[in-house]
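Quick notes on the structure that follows.
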Amino acid sequence: MRQVKRKNTRTRKLISIAILVVLVCGGLIVYWQAGAPKRAAQANAVSFARKYAGLKNETNFYLFNRKATYFTVAGTNTKGQQVYVIIAKKGGRTVVLNQSAGISEQRASSLVKSQEKSSRVLKTNLGIWQKKPVWEVTYLNRSGKLCYTLFAFKNGKTVKEIQNL
């Protein structure tokens, strides 16, 4: 009788472990597949920036989605200048900006924090809004509501703001 209980207990443990392993592996596969389009877009944008904007090495990648989608690659060009290469998903229109010509990603994030609106910055992206480069800062306000603010790349002025989504 005791031996049968032991076998049942061992069998249940093994089945539980097998189910847990399958669930964890399945979750990792889903997570990997969900990120595949962004990784492909990043690889294409970096290749495009190297070919058409003279990018030598990349340091960051941003995906900006508003009325249009833009891929931005930050890095150093062949002349040693730090630049942002902003590429429109549709049509491939490309804008190259010197990083020193505007505010940085850190500055855009700190503008939200300094205005005491943010409890946590979620992401910061660089893209084009109404034909001008902007930093989009997505954050949770002190009430835990989702918000975003667009700051002009050149001077950090607020271009658009949406609160409490």
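Any value given below was found using the heavy atoms of this structure, including those in side chains, with hydrogens, waters and symmetry copies removed. Note that the coordinates shown come from a computational prediction; the quantities given were computed from them, not determined experimentally.
In this structure Q82 satisfies the side-chain hydrogen bond (donor to acceptor under 3.5 Å, both in side chains) test with no other residue, sequence neighbours excluded.
Interatomic distance, Y139 OH to T149 OG1, rounded to the nearest 0.5 Å: 3.5 Å. Going from atom CZ of R120 over to atom NZ of K113 covers 11.0 Å, rounded to the nearest 0.5 Å. We find the OG1-CD1 distance between T69 and I87 to be 13.0 Å, quoted to the nearest 0.5 Å. The NZ atom of K123 sits 12.5 Å away from the OG atom of S109 when rounded to the nearest 0.5 Å. Once rounded to the nearest 0.5 Å, the distance linking NZ of K89 with CG of N65 reads 7.5 Å. Rounding to the nearest 0.5 Å places CD of Q130 at 9.0 Å from CG of L150.
A side-chain donor-acceptor contact under 3.5 Å links S16 to the backbone of R12. Between the side chain of S114 and the backbone N or O of L111 there is at least one donor-acceptor pair closer than 3.5 Å. A donor-acceptor pair under 3.5 Å links the side-chain atoms of N141 to the main chain of S143, judged by distance alone. Remark: the backbone N or O of G80 is paired with a side-chain donor or acceptor of N77 at under 3.5 angstrom. Counting only distance, with no hydrogens or angles, the side chain of R50 and the backbone of K56 share a donor-acceptor pair below 3.5 Å. At least one donor-acceptor pair closer than 3.5 Å links the side chain of S110 to the backbone N or O of R107.
Both L126 and F151 sit in one connected hydrophobic cluster of ILVMFWY residues. Membership requires side-chain heavy atoms under 4.5 Å apart, directly or through other members. Cluster membership for I86 and Y52, using ILVMFWY side-chain heavy atoms within less than 4.5 angstrom, is not shared. Note: the hydrophobic cluster containing Y70 does not contain V96 (ILVMFWY, side chain heavy atoms under 4.5 Å, direct or indirect links). By the rule that hydrophobic residues join a cluster once side-chain heavy atoms approach within less than 4.5 Å of another member, F71 and V73 end up as members of one cluster. Follow the hydrophobic side-chain contacts under 4.5 Å out from I128 and you never reach L63; the two are in separate clusters.
A 4.5 Å side-chain heavy-atom check between V137 and V121 finds at least one atom pair inside the cut-off. T138 places a side-chain heavy atom less than 4.5 Å from the side chain of L146.
Of all the heavy atoms in G156 and I103, the pair that sits closest is CA-CD1, 3.7 Å. Smallest separation of non-hydrogen atoms from T124 and A108: CG2-CB, 4.4 Å. Heavy-atom minimum distance, Q99 versus A74: NE2-CB, 3.9 Å. For V85 against A49, the heavy-atom pair with the smallest separation is CG1-CB, 3.9 Å. E58 and L55 get closest at one heavy-atom pair: CB-CD2, 4.1 Å.
The only member of Y84, F64, Y148, W129 that meets ring pair (Phe, Tyr, Trp, His ring centres under 6.0 Å) when paired with W135 is Y84.
Residues N60 and Y62 bring a donor and an acceptor atom of their side chains to less than 3.5 Å of each other.
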